[in-house]
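Counting starts at 1 for both ligands and their atoms, following the listed order.
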Amino acid sequence: MEQYQELFLVLQLVKVAYGLKFLEAFSTEVLKPAEAGILSRARTPTINFVLGGPGVGKGTQCTRIAETYGFTHLSVGDLLRNEISSTSEYGDMILETITKGKIVSSEVTVKLLKKAIETSEADRFLVDGFPRTEENRVAYEQIIGIEPEVVLFFDCDEEEMMKRVLHRNQGRVDDNIDTTIERLKVFEAYTLPVIRYYTEKGKLYKINAIGTEDEIFERVRPIFST
Ligand code: UDP
Ligand code: MG
């Protein structure tokens with residue numbers, strides 16, 4: 001319980017920081033970024049983020065990267081979808097948010113991600129589809145606090161993303177035209193700033209996501225082969 005109170009407090013601070021000016025908020029005493037995070041794990045794992053618009057193939061490539069280079073693949077979209085089918089108190093809210101193509105609050109997402117990392121014994125994670133907003137990113141920094149080593153960005157034009165989403169037939173509530181238009185808008189307005197942030201930090205690897213699965217994977221390899 002105490003742990004959740006702490007989490008809640010940190011999130012409130014992140015929200016306050018967001019309402020105020022970003023840099024100012026970081027210069028205060030209270031809002032120091034968590035240095036090693038507050039994970040209940042003996043060893044701090046390596047984290048990589050994998051970003052890209054809807055249907056770009058993040059999941060497909062993550063599976064290949066994970067198999068080839070020994071990562072544990074954590075799709076944050078899957079973590080959220082699992083909550084819908086469980087008895088979680090957040091299930092209805094998550095379903096509604098995903099159906100609209102909007103972003104689930106960091107409070108819920110970061111909590112799920114933290115739990116997934118803490119309950120795994122893996123040392124290296126590919127976190128797929130997160131952080132989707134600057135607010136997600138800051139909440140992650142405050143609550144988990146492990147600086148990502150690499151941020152992959154699968155890049156592809158919107159028309160192609162729309163085609164892929166509409167052809168994948170995975171029975172997802174959000175794989176329809178209207179929701180995907182919204183997801184593309186959300187991607188552009190909220191996720192591109194995160195991508196810019198990591199570009200400036202020198203952590204971003206942009207990959208051309210047009211081509212066959214094999215061709216795209218060949219472009220990813222050099223990043224992890226060194
Ligand atoms: N989602 C979210 N926060 C996240 C990850 C996913 O709110 O950090 C929600 C959001 O509504 C998104 C949906 O889950 O549109 C599906 O995400 P996923 O990454 O599975 O979709 P993809 O981009 O791979 O098509
Ligand atoms: Mg996915």
Side-chain angles (χ1 to χ4, degrees), residues 11 14 47-66 71-86 88 90-117 125-144 148 151-195 197-198 207 209 213 216 220:
L11 276 160
V14 171
I47 305 271
N48 296 322
F49 289 150
V50 180
L51 300 175
V56 76
K58 301 182 290 291
T60 309
Q61 291 297 325
C62 278
T63 305
R64 307 247 335 224
I65 302 166
F71 286 98
T72 292
H73 176 200
L74 282 182
S75 158
V76 175
D78 285 349
L79 293 180
L80 291 169
R81 282 183 286 272
N82 291 342
E83 286 295 287
I84 298 174
S85 43
S86 76
S88 156
Y90 304 121
D92 292 347
M93 176 278 287
I94 294 173
L95 176 60
E96 198 187 322
T97 311
I98 289 183
T99 305
K100 289 183 183 156
K102 308 271 190 208
I103 306 284
V104 174
S105 78
S106 296
E107 185 168 355
V108 172
T109 309
V110 178
K111 195 197 264 185
L112 292 175
L113 181 60
K114 182 169 183 273
K115 193 167 116 201
I117 296 171
F125 293 94
L126 287 179
V127 175
D128 163 7
F130 176 92
R132 273 177 140 84
T133 67
E134 281 284 272
E135 200 254 348
N136 272 173
R137 177 181 67 73
V138 175
Y140 168 90
E141 281 170 10
Q142 297 296 317
I143 291 156
I144 299 178
V151 180
L152 294 185
F153 165 39
F154 288 101
D155 185 31
C156 169
D157 60 276
E158 294 200 344
E159 209 183 308
E160 178 65 24
M161 288 193 263
M162 177 63 90
K163 259 195 235 159
R164 291 182 191 179
V165 165
L166 297 180
H167 284 103
R168 68 181 168 188
N169 285 326
Q170 292 173 346
R172 277 175 49 169
V173 291
D174 52 348
D175 282 353
N176 56 70
I177 296 182
D178 289 345
T179 308
T180 306
I181 290 173
E182 181 61 27
R183 287 155 74 196
L184 287 168
K185 277 192 208 152
V186 166
F187 174 72
E188 202 188 315
Y190 296 99
T191 314
L192 283 183
V194 178
I195 287 166
Y197 173 86
Y198 286 116
I207 293 151
E213 226 181 277
I216 298 164
V220 174

* Asked: If you look at every heavy atom in Val56 and Cys156, which pair is closest and at what distance?
  ->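 Of all heavy-atom pairs spanning Val56 and Cys156, the closest is CG2-CB, 3.5 Å.
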* Looking only at non-hydrogen atoms, find the nearest pair between Ile98 and Thr179 and report the distance. =>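 Nearest heavy atoms, Ile98 then Thr179: O-CG2, 3.8 Å.
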Interfacing atoms of ligand 1 (cut-off 4.0 Å, heavy-atom, [X]):
{"X": "Ile98", "value": "9 (C), 11 (O), 14 (O)"}
{"X": "Gly129", "value": "4 (C), 5 (C), 8 (O)"}
{"X": "Ile103", "value": "7 (O)"}
{"X": "Pro54", "value": "23 (O), 25 (O)"}
{"X": "Arg81", "value": "16 (C), 20 (O)"}
{"X": "Val104", "value": "2 (C), 7 (O)"}
{"X": "Arg168", "value": "25 (O)"}
{"X": "Gly55", "value": "25 (O)"}

Tell me which protein heavy atom sits closest to [atom], plus the residue, atom name and distance to 0.1 Å.
{"atom": "atom 16 (C) of ligand 1", "value": "Arg172 NH2, 3.4 Å"}
{"atom": "atom 10 (C) of ligand 1", "value": "Lys102 O, 3.3 Å"}
{"atom": "atom 1 (N) of ligand 1", "value": "Leu80 CD1, 3.4 Å"}

* Under a 4.0 Å N-O cut-off, is there an ion pair linking Glu182 with Lys100? ->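 Result for this pair is no, no salt bridge flagged.
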* To do: Answer yes or no: is there an ion pair linking Asp175 with Arg183, defined by an N-O contact shorter than 4.0 Å?
  =>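 Salt bridge between Asp175 and Arg183, a charged N being under 4.0 Å from a carboxylate O: yes.
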* **Asp78, CG atom: more than 12 neighbouring heavy atoms under 6.0 Å** =>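 More than 12 within 6.0 Å, yes.
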* Asked: Under a 4.0 Å heavy-atom limit, does Asp174 contact ligand 1 with its side chain, its backbone, both, or neither?
  ->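 Side chain only.
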* Asked: Counting only heavy atoms, which portion of Val56 has something under 4.0 Å from ligand 1: side chain, backbone, both, or neither?
  ->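 It is neither part, as no heavy atom is under 4.0 Å.
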* To do: Check whether any side-chain heavy atom of Arg137 sits under 4.5 Å from a side-chain heavy atom of Arg132, and report yes or no.
  =>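 No; the side chains remain at least 4.5 Å from each other.
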* Asked: Taking side chain as C-beta onward, heavy atoms only, is Leu112 less than 4.5 Å from Val76?
  ->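 Leu112 does not reach Val76 side chain to side chain.
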* Phe125/Phe49 aromatic ring centres below 6.0 Å ->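 For Phe125 and Phe49, the ring centres are not under 6.0 Å apart.
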* **Any side-chain donor near an acceptor of the partner, Lys102 and Tyr190, under 3.5 Å** =>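 No - no donor-acceptor pair under 3.5 Å links their side chains.
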* To do: For atom 18 (P) of ligand 1, state which one of Glu182, Arg132, Lys58, Arg183 supplies the nearest heavy atom.
  =>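 The nearest heavy atom belongs to Arg132.
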